[in-house]
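Only a predicted model underlies this, so the values are computations on that prediction, with no experimental measurement involved.
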Amino acid sequence: MASKLERRRPSGSVSQRRRIAKNRRHFRGRKKITGTAEQPRLAVFRSSKHIVAQVIDDTKGHTLAAASTVEPGLRAFEGDKTAKAKEVGKLVAERAKEAGVEAVVFDRGGLKYHGRIAALADAARDGGLKF
């Protein structure tokens, strides 16, 4: 077995290593999380400026409801990014209810459950989604 000093540091820049680690977390979670017609998947994508939430039925491959900060109504919304994430959570819960969805499986997409991700999830729960 190699000693501590003989082990090599992973190659690549810090951003590459972070991206690889995020993808590893994402695929590890997706092995266990799938959306069905009865309980679709609430998938969240977060960029540096925006956040997107989709309710997806993986058996058919259809998006049942979606909300994003890119939409004109939410672009004009005043507040910080966490407040916008809360609005997206409320909106996606409302649209999912209209589509007949009561319960979902939360897919955080390899992101940590805090900050904007937690704010979106809490707002979706307050909006009536069960997960």
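Put simply, NE2 on His26 and CG on Leu111 are 9.0 Å apart, with the number rounded to the nearest 0.5 Å. Distance CZ/Arg24 to CZ/Arg17: 11.5 Å, rounded to 0.5 Å.
Ala96 approaches Leu129 most closely through the heavy-atom pair CB-CD2, 3.9 Å. In plain terms, the two heavy atoms of Ile56 and Ala43 that are nearest each other are CD1-CB, 4.0 Å. The minimum heavy-atom distance between Pro40 and Ala103, with the atom names listed, is CD-O, 3.4 Å.
Legend: residues meeting salt bridge (Lys or Arg N to Asp or Glu O under 4.0 Å) with Lys22, ordered by chain and number and at least two apart, are absent. Remark: Ser13 pairs with Ser15, Gln16 by the side chain to side chain contact (heavy atoms under 4.5 Å, CB included) rule, at least two apart or across chains. Partners of Glu94 according to the salt bridge (Lys or Arg N to Asp or Glu O under 4.0 Å) rule, which considers only residues two or more places apart in sequence or in another chain, do not exist here. Among residues two or more places apart in sequence or in another chain, the side chain to side chain contact (heavy atoms under 4.5 Å, CB included) test is passed with Lys97 by Glu102. For the ring pair (Phe, Tyr, Trp, His ring centres under 6.0 Å) test, residues two or more places apart in sequence or in another chain that qualify with Phe131 are Phe106. The side-chain hydrogen bond (donor to acceptor under 3.5 Å, both in side chains) check on Thr59 picks up Asp57, with sequence neighbours excluded. The side-chain hydrogen bond (donor to acceptor under 3.5 Å, both in side chains) check on Glu71 picks up Arg95, with sequence neighbours excluded.
Side-chain contacts under 4.5 Å among hydrophobic residues (ILVMFWY), followed directly or transitively, place Ile33 together with Val105.
Screening residues 73-83 for side-chain hydrogen bond (donor to acceptor under 3.5 Å, both in side chains), with sequence neighbours left out, gives no hits. Applying the salt bridge (Lys or Arg N to Asp or Glu O under 4.0 Å) test to residues at least two apart or on different chains, the pairs with a partner in residues 84-93 are Glu87-Lys90. Evaluation of the salt bridge (Lys or Arg N to Asp or Glu O under 4.0 Å) test over residues 38-48, restricted to residues two or more places apart or in two chains, returns Arg41-Asp58, Arg41-Asp107.
A side-chain donor-acceptor contact under 3.5 Å links Thr69 to the backbone of Ile51.
The number of heavy atoms from other shown groups lying within 6.0 Å of CZ (Phe45) does not exceed 12.
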What donor-acceptor contacts under 3.5 angstrom involve side-chain atoms of residues 120-128, with partners at least two apart or in another chain?
from   : atom 1 : to     : atom 2 : distance (Å)
Asp122 : OD1    : Arg125 : NH1    : 3.2
Arg125 : NH1    : Tyr113 : OH     : 3.2

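A continuous path of hydrophobic side-chain contacts links Val101 to Leu91 [ILVMFWY only; heavy atoms under 4.5 Å].
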